[in-house]
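As structure tokens, the structure follows; a few thoughts come after it.
Numbered from 1 within each chain, the chains take letters A, B, ... in sequence-line order. Because the structure is a prediction, the values reported are computed rather than measured.
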Amino acid sequence: MILKLAWKNVWRNRRRTFITISAIAFAVLFAAGMRSMRAGLEERMLESIVKDNIGYIQIQGKDFWDDQILENGFYPEDVPVEKLLELKEILGLEKKLESGTLSSTGMSSRGTFILSYDQSEAAPEKIVNNITAGNLPETGKQEIVLGEELASYLEAEIGDTVVFLGQGFQGATAAGLYLLSGTIDMHIPELNKMVAYMPMSDLQEYISAPNLITSLMVEVKNPDDVDKTKKEIQKIVGDDYRVMTWSEMNPELKQLIDSSSAEGIIMNIILYMILTFVMFGTILMATQERKYELGVLMAIGMKRRKSMVMVAIENVIISIIGALVGIMMVAPIAYYFHYNPIVLQGESAELYENFGFDPVIPFSINPEIAIDHATVIVVISMVLMLYPFLVIRRLKPVDAMKL
Amino acid sequence: MSVIKTIDLTKVYKQGDYEIHALDGVSVEIENGEFTAVVGPSGSGKTTLLNAIGGLDEPTSGSVFVNNEDITQLKGNQLIDFRMKHIGFVFQAYNLIPVLTAKENVGFVMLLQGTPEAERDARTTELLEAVGLGDIMKKRPNQMSGGQQQRVAVARALAPKPAYILADEPTANLDSKSTENLLDIMARLNKEEGITFIFSTHDQRVIDRARRVITMEDGKIISDERRGE
């Protein structure tokens, strides 16, 4: 009956209930929506820069990070790969070989960063999906793909020949003619201006270093747990190798994400404070309006504790409905902008490109975001229950019924 | 043997520098089965006396004995339990729970007492039929007339089988027909079930039906008249 009474009370003053539900729903919408946008941006940064390029963790030769020359590379057969794969946190390892060179066509040339992929494995999705024209290079056929902007700068069309000239392993000259088989969009404007992709064995041949790699990229199960995983890897590979996390390799990105998160937290605190006042106003009004009735209930034999339970149930019902409505409102928006990201124009776009990111803002569809914000709001409403509890605790039926 | 006994009951309200003596040394005994009206002008202390007897208000000094128990010594939940077990209240403004039906209003106190559903159901039906409202059990207060609401309030007050009922100006908002109807019901319950009724009232129609009339003025009892049947 208390539950039934609470449910009926919720709908007695429909206007007030709808105002409260709306306030909660819009708070969830704004808080979760904003967080979803920031999280989407962070996810995109992590995906395009970390997951697809440097990896969450890298195993490198011990001096490679400080002096990134081929001589500080290593051979994968020297690393206890099987032992590493036994670690639960590791999903896989990807060999990486990178080298710098000069690329040229006709009268144009530019410093180029050559990336490679292990042709013995299936070509990584991140490369296949990012090909914008042409095809992946075929192994052993002296083919390459270039970043869209680099190809455009070199005025190279698919099928044209590009000259590579640079330094190979241990002082050898690296030189070769490569056929442009396709172009790629790395979703990082700076990289598009300077990147070339080729199969790893072709790059090893180009630099005259068969089997050499510069790092092993570790695919981890839980990106939030990289520090712990790093320690375990370091124990296995020993001191001849250096294990680095993405935040050590790219501290600027880490700082950017942290400051974005901090900004988000401050915004949310402000939003929650406003919501707290709105909710408190409603609870205050409702409690004052119902003092008379609570006095009557007490007069006819309802104990204070039961009155508190009734009022708490009413508040929980309203909060949960508000939170659910908020989640239902934010979900389609997040889904829409996840698959149709906001494309920035003008100065904002330039700003993003200067930071090395695509000028788009995708939304995250991680359900935890909406659930977390809804939970916070339900908790706030629980805390606000202290006010009616205090009123009920001090309520004297005869005084309440004099109102 | 008296059911209710107040001894030198006082209630003082402070209003700024002034003290208002709502009750000023009231001593009264009310016996089992009485049908008593407490009358007097506004501010004479009628409602304050009823509230003190019902444990709704704490007197400044003095004692209220109900079945030989001094209820002024009871605190918090003890007092709520006492009211629930022994007293039925009928208020001037009916004070039904607006979101509950007539039947749910009547059954509410029994629910608080933990009465099993079947028993509760039977008793609420019986009581609503007794007050002539068997046909509007599922109506909510806003769908009833004032007279009907007050009869539901009486049924609610009777639901936990209290020894006595305190009714504060129960007919103040009722028309003549509803007043007569309500008084008939109360008189019948008093006679047939021996329930003690104490009214505070200005209403001559109620005063005429009472078998005892206590008149108050300035917080004091100035006359106490017993009448025959």
Side-chain angles (χ1 to χ4, degrees), chain A residues 1-18 20 285-318 321 388-403, chain B residues 11 13 22 47-48 50-59 75-101 103-115 117 120 140-142 153 156-160 162 165-166 168:
Chain A
M1 180 72 112
I2 298 291
L3 189 68
K4 191 175 174 185
L5 185 58
W7 176 255
K8 287 183 172 183
N9 278 335
V10 165
W11 302 111
R12 187 165 50 160
N13 190 336
R14 283 170 194 255
R15 185 183 294 178
R16 192 178 57 215
T17 301
F18 282 129
T20 315
M285 218 160 55
T287 309
Q288 290 301 326
E289 269 178 29
R290 294 179 59 199
K291 264 186 176 177
Y292 185 98
E293 180 191 324
L294 290 166
V296 172
L297 288 172
M298 227 175 268
I300 63 172
M302 187 146 158
K303 288 182 182 162
R304 289 172 205 276
R305 194 168 47 83
K306 277 196 173 150
S307 296
M308 288 178 188
V309 170
M310 180 183 75
V311 173
I313 292 171
E314 288 170 26
N315 208 43
V316 168
I317 291 172
I318 291 176
I321 293 174
F389 284 2
L390 202 67
V391 168
I392 291 169
R393 194 164 162 255
R394 291 179 177 173
L395 196 71
K396 289 182 178 171
V398 74
D399 292 338
M401 289 193 290
K402 269 182 197 161
L403 291 170
Chain B
K11 179 72 186 180
Y13 293 108
T47 300
T48 310
L50 256 62
N51 286 341
I53 289 171
L56 282 180
D57 204 0
E58 201 178 338
K75 300 286 172 202
N77 281 341
Q78 288 177 317
L79 210 49
I80 292 175
D81 274 337
F82 158 78
R83 285 199 295 267
M84 192 164 60
K85 283 175 193 161
H86 301 287
I87 306 175
F89 286 97
V90 178
F91 304 97
Q92 181 181 339
Y94 328 131
N95 289 343
L96 299 177
I97 301 167
V99 291
L100 299 183
T101 62
K103 194 170 179 182
E104 287 168 339
N105 262 291
V106 175
F108 190 72
V109 182
M110 286 192 285
L111 179 93
L112 295 175
Q113 287 178 321
T115 311
E117 194 180 345
R120 203 167 70 221
R140 288 189 188 179
N142 62 0
R156 177 179 69 181
L158 291 167
I165 286 182
L166 304 178
D168 186 16

field: Atom CD of B:Gln113: over 12 foreign heavy atoms under 6.0 Å
entry: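 Counting other residues, nucleotides and ligands, CD of B:Gln113 exceeds 12 neighbours.
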- request: For atom CD of B:Glu117, decide whether the heavy atoms of other residues, nucleotides or ligands shown that lie under 6.0 angstrom number more than 12.
  value: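 Result for CD/B:Glu117: open.
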field: Per-residue contacts, residues 294-301 of chain A versus chain B, heavy atoms under 4.5 Å
entry: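 So far as heavy atoms go, A:Val296, A:Leu297, A:Met298, A:Ala299, A:Ile300, A:Gly301 are the residues that approach chain B to under 4.5 Å.
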message: Tell me which of these, B:Val99, B:Leu100, B:Leu79, has more heavy-atom pairs under 4.5 Å with chain A than the rest.
response: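 The option with the most such pairs is B:Val99.
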B:Tyr94: partners by ring-ring contact (aromatic ring centres under 6.0 Å, His included), with sequence neighbours left out: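 Not a single residue meets the ring-ring contact (aromatic ring centres under 6.0 Å, His included) criterion with B:Tyr94.
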Residue [X] versus chain A: region with a heavy atom under 4.5 Å:
X        : value
B:Phe91  : side chain
B:Asn51  : side chain
B:Ala157 : neither
B:Arg120 : neither
B:Leu96  : neither
B:Glu104 : both

field: Test side-chain hydrogen bond (donor to acceptor under 3.5 Å, both in side chains) applied to B:Asn77 - qualifying residues, sequence neighbours left out
entry: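 Listed in chain order: nothing, the list is empty.
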field: A:Tyr292 side chain near B:Asn95 side chain, heavy-atom distance below 4.5 Å
entry: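 With C-beta onward as the side chain, the pair touches.
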- request: Using salt bridge (Lys or Arg N to Asp or Glu O under 4.0 Å) as the criterion, list what pairs up with A:Lys306, not counting sequence neighbours.
  value: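 For A:Lys306, no residue satisfies salt bridge (Lys or Arg N to Asp or Glu O under 4.0 Å) once neighbours in sequence are set aside.
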query: How far apart are the closest heavy atoms of A:Arg304 and B:Ile80, and which atoms are they?
result: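 Reported closest heavy-atom pair: N-CD1, 4.1 Å.
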field: Between A:Lys396, A:Lys4, A:Arg305, A:Met302, the one whose heavy-atom pairs under 4.5 Å with chain B are most numerous
entry: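 So the answer, after comparing A:Lys396, A:Lys4, A:Arg305, A:Met302, is A:Met302.
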